[in-house]
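This report concerns only the one structure given below.
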Amino acid sequence: MSRMMCPRGTDDLLPEALPALDHVFAAFHRTMDTFGYREIRTPMFEETALFVRSLGDESDVVSKEMFSVQRGDTNVTFRPEGTAPVVRAYLQHNLDKTRAFQKFWYGGPMFRFERPQAGRSRQFYQLGVEALGSHSPLLDSEVVLLAHRAFAAMGLRNYRVHCNSIGDAEDRTTFRLVLRAYFQPLLQQRCDDCQRRFERNVFRMLDCKVPQCQATNKAAPQFLDHLRPASRARFDESLAVLQAFDVPIIVDPGIVRGFDYYTHLVFEVRCPDLGARDAICGGGRYDGLIEQMGGPSLGAVGFAIGVTPTLLALEIQKHPAIAPRENFAAVFVAPIGDSERTAALRLCQQLRDQGIPCDTDYEQKSLKAQFKSADKRGVKVMLVLGPDEVQNGRVQVRALHLGQDHQLALDSELAAHVRQLLATTKTAP
RNA sequence: GUGGCUGUAGCUCAGUUGGUUAGAGCAUCAGAUUGUGGUUCUGAGGGUCGCGGGUUCAAAUCCCGUCAGUCACCCCA
């Protein structure tokens with residue numbers, strides 16, 4: 001079968017699926033407004049060098065997951081994540097010099113060339129925030145609180161925020177030595193991946209999922225115990241704030257994060273209902289990034305929500321806003337025969353002009369068939385036009401959801417009547 | 001990139017140890033004394049059984065390949 005299909009790892013969002021996406025975006029947007037974050041939109045693709053510089057050419061994303069396009073001597077990449085583009089825009093427009101501290105949110109598709117699986121695709125949607133230009137520990141807490149409130153606004157239940165601190169560059173240098181010293185004699189017992197991680201990124205050995213590795217991880221030194229007092233105090237301060245706001249926190253030494261630019265607070269939101277891939281949000285502080293990208297030494301903190309897994313979680317939890325919805329026009333004008341077709345179109349348009357979503361028949365269906373299909377599409381009000389109605393300047397109005405019939409005049413009052421019928425809900429008998 | 005599972009109608013699936021014109025439910029469309037929905041009844045359309053090759057008198061069924069989907073690993077939202 002050689003039918004055309006959308007490329008592997010992509011999905012068509014059909015009309016009935018979009019209300020779910022809208023629900024998540026709208027809840028996020030509302031939350032951002034109340035916290036004073038403003039939306040920013042950057043291009044879908046950037047110069048490849050931007051991501052190489054921010055993520056590091058050692059990272060998996062850069063080394064094997066980028067959607068890149070070479071055109072003449074320019075090489076661009078469809079954005080695999082949202083942080084680097086926002087920081088780039090911030091610096092490009094000299095915001096660091098005019099109003100250094102700014103809070104942004106963004107949302108939209110991201111692209112990574114990887115093997116699709118449950119809750120993960122090659123084009124996926126992220127909603128994220130970036131609070132740029134401040135080192136304040138208060139912001140660390142605010143950002144986590146913000147993620148929590150956003151999920152709450154979406155109606156998600158049963159999730160936990162896993163938090164950890166990985167200190168600053170100095171803490172990490174120290175801890176790297178401590179970890180290497182600990183793992184060196186145990187290296188024989190570790191899996192192949194950990195053998196590689198020992199040199200490349202020791203920290204990742206801490207969240208290895210292989211059972212034999214987890215055994216030696218239990219007694220492994222923890223970041224939190226090797227932070228300098230100032231770093232440790234800052235983490236404790238953040239935790240205290242979050243506990244005061246009843247955020248479901250779990251301190252989890254296994255949270256290490258993949259990208260190089262993270263510092264101090266790192267966190268992940270997980271929803272156990274999802275099974276193997278349970279992370280729905282990841283973020284933290286990344287104090288080195290702005291400077292790394294050619295800007296001044298300013299702090300930054302943010303997170304990104306994976307919309308796809310979030311929708312999956314809401315679906316599993318049977319959230320009503322996620323169910324597929326047929327969003328057809330609520331009013332339908334049904335001409336009985338061909339002679340009423342023009343009048344029907346005119347009436348239909350008249351209601352549309354009044355802001356009432358309205359549709360009519362285009363296929364010369366029988367009246368019965370029009371009723372049947374209208375019922376299936378969730379139409380609430382049917383307006384029937386036959387020869388008699390047209391001649392008398394009247395229309396038959398049937399409220400399908402109420403089971404009521406009315407005869408109404410085709411005058412300026414009609415729209416108001418229809419509007420009223422739409423607003424009426426069926427009362428229990 | 002690695003591994004497991006799965007490909008039969010628009011959807012969910014039957015299809016007996018290989019054996020005639022491949023079935024059901026739902027969905028779609030049309031009817032049930034000719035201007036009215038949801039229930040019910042009747043009927044219709046719709047499939048080169050993912051694709052290619054092989055074994056056989058005979059393949060949806062067995063074998064090989066390939067493509068696609070899916071789940072998991074690596075990594076990550």
Side-chain angles (χ1 to χ4, degrees), chain A residues 1-9 11 14 55 58-65 79-83 107-128 147 191-194 196-197 200-201 204 207-210 255-259 267-271 274-284 302-313 324 332 334-337 339-340 363 365-390 396-405 426:
Chain A
M1 204 184 293
S2 67
R3 327 162 53 177
M4 298 298 291
M5 308 215 315
C6 60
R8 162 170 260 195
D11 293 291
L14 299 178
L55 302 176
E58 284 292 302
S59 69
D60 272 46
V61 171
V62 169
S63 60
K64 58 181 196 188
E65 294 174 2
R79 58 182 186 191
E81 56 101 38
T83 300
M110 305 289 163
F111 307 85
R112 285 184 205 178
F113 192 86
E114 49 185 352
R115 196 85 168 257
Q117 72 186 64
R120 187 174 75 181
S121 34
R122 290 184 175 179
Q123 175 178 335
F124 54 98
Y125 291 83
Q126 271 190 1
L127 286 162
C191 67
D192 291 350
D193 287 327
C194 282
R196 282 188 296 107
R197 289 181 182 128
R200 220 179 105 203
N201 190 348
R204 294 223 66 92
D207 65 352
C208 185
K209 285 156 197 92
V210 177
I255 301 289
V256 174
R257 303 265 78 210
F259 301 141
F267 70 98
E268 244 173 57
V269 182
R270 294 181 184 170
C271 181
L274 285 172
R277 221 197 100 36
D278 61 353
I280 51 178
C281 171
F303 67 75
I305 290 176
V307 175
T308 316
T310 300
L311 281 172
L312 214 60
F332 194 93
I336 284 175
S339 42
E340 292 80 42
E363 298 163 273
K365 285 188 174 182
S366 71
L367 188 58
K368 190 188 190 92
Q370 291 185 60
F371 264 87
K372 274 192 171 175
S373 83
D375 183 59
K376 279 176 191 135
R377 293 172 181 207
V379 168
K380 286 184 169 173
V381 175
M382 287 289 276
L383 303 180
V384 180
L385 279 180
D388 295 352
E389 283 81 359
V390 171
Q396 270 242 21
V397 180
R398 166 169 270 194
L400 296 180
H401 60 309
L402 303 172
Q404 291 175 355
D405 282 313
K426 194 169 189 173

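Just so it is clear: chains get the letters A, B, ... in the order the sequence lines come, proteins before strands, and each one is counted from 1.
A:Arg79 pairs by the side chain to side chain donor-acceptor pair (under 3.5 Å) definition with nothing, not counting sequence neighbours. With sequence neighbours left out, the side chain to side chain donor-acceptor pair (under 3.5 Å) criterion links A:Arg122 to no other residue. With sequence neighbours excluded, no residue forms a ring pair (Phe, Tyr, Trp, His ring centres under 6.0 Å) with A:Tyr125. For the side chain to side chain donor-acceptor pair (under 3.5 Å) test, no residue two or more places apart in sequence or in another chain qualifies with A:Gln370.
Between the base of B:G37 and the side chain of A:Arg398 there is a donor-acceptor pair shorter than 3.5 Å. A:Arg120 contributes a side-chain N or O that forms a donor-acceptor pair with the base of B:C75 under 3.5 Å.
Under 4.0 angstrom from either OP1 or OP2 of B:A77 there lies no side-chain N or O belonging to A:Gln126.
Comparing the P positions of B:U6 and B:C63 gives a spacing of 12 Å, expressed to the nearest Å. Comparing B:G18 with B:C62, their P atoms sit 8 Å apart, to the nearest whole Å. B:A60 and B:G45: their P atoms are spaced 23 Å apart (whole Å). Nucleotides B:U17 and B:U61 place their C1' atoms 11 Å apart, quoted to the nearest Å. B:A22 and B:U48 have their P atoms separated by 12 Å, given to the nearest Å. Comparing B:G47 with B:G1, their C1' atoms are spaced 37 Å from each other, to the whole Å. To the nearest whole angstrom, the two C1' atoms, one in B:G25 and one in B:U20, are 26 Å apart. Going from the C1' atom of B:A14 to that of B:G7 covers 16 Å, rounded to whole Å.
Going from atom CZ of A:Arg122 over to atom P of B:C75 covers 19 Å, rounded to whole Å. Atom CG of A:Leu402 is separated from atom P of B:G38 by 17 Å (rounded to the nearest Å). The separation between A:Phe113 atom CZ and B:C75 atom C1' is 15 Å, rounded to whole Å. Atom CG of A:Leu274 and atom P of B:A72 are 10 Å apart (whole Å). Counting to the nearest Å, the P atom of B:C75 and the CD atom of A:Gln117 are 12 Å from each other. Across the protein-nucleic acid pair, A:Arg112 atom CZ and B:A77 atom C1' stand 6 Å apart, rounded to whole Å. Rounded to an integer number of Å, the gap from CG of A:Asp278 to P of B:C73 is 10 Å. One interatomic measurement links the two molecules: CZ of A:Phe371 to P of B:U36, which rounds to 9 Å at whole-angstrom precision.
When the options A:Arg115, A:Glu114, A:Arg120 are evaluated for a side-chain contact (heavy atoms from CB on, under 4.5 Å) with A:Gln117, the one that passes is A:Arg120.
Heavy-atom minimum distance, A:Gln126 versus A:Ala304: OE1-CB, 3.6 Å. For the residue pair A:Gly302 and A:Phe267, the shortest heavy atom distance occurs at O-CE2, 4.2 Å. Residue A:Glu340 comes nearest to A:Leu385 through the heavy atom pair CG-O, 3.4 Å, listed as atom of the first residue, atom of the second, then distance. In plain terms, the two heavy atoms of A:Gly9 and A:Pro116 that are nearest each other are CA-CG, 3.9 Å.
If you check every strand for non-hydrogen atoms under 4.0 Å, A:Ile280 touches sugar and phosphate atoms only. Using a 4.0 Å heavy-atom distance criterion, A:Thr83 is classed as making no nucleic acid contact. Residue-level contact check: A:Gln370 touches neither bases nor backbone, having no heavy atom under 4.0 Å from any strand. A:Ala374 comes within 4.0 angstrom of no nucleic acid atom, judged by non-hydrogen atoms across all strands.
The CD1 atom of A:Ile336 sits 8.0 Å away from atom CD of A:Gln396, with the distance rounded to the nearest 0.5 Å.
Looking at the side chain of A:Glu114, the nearest of the listed nucleotides B:A77, B:G37, B:C73 is B:A77. Listed nucleotides B:U70, B:G37, B:C71 differ in distance to A:Leu400; the shortest reach to its side chain belongs to B:G37.
Ion pairing of A:Glu268 with A:Arg270 is present here, as a side-chain N (NZ or NE/NH1/NH2) and a carboxylate O approach within less than 4.0 Å.
If A:Pro7 and A:Gly283 are placed on RNA chain B by their nearest nucleotide, the residue sitting closer to the 5' end is A:Pro7.
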Every protein N/O within reach of nucleotides 29-35 of chain B N/O, cut-off under 3.5 Å:
unit_1, atom_1, unit_2, atom_2, d
B:G35, O6, A:Asp388, OD2, 2.8
B:G35, N1, A:Glu389, OE1, 3.0
B:G35, N1, A:Glu389, OE2, 3.2
B:G35, N2, A:Glu389, OE2, 2.7

Dot-bracket encoding of pairs in RNA chain B, which uses [ ] for pseudoknotted crossings and | for another strand, Watson-Crick or G-U under 3.5 angstrom: (((((((..((((.....[...)))).(((((.......))))).....(((((..]....))))))))))))....
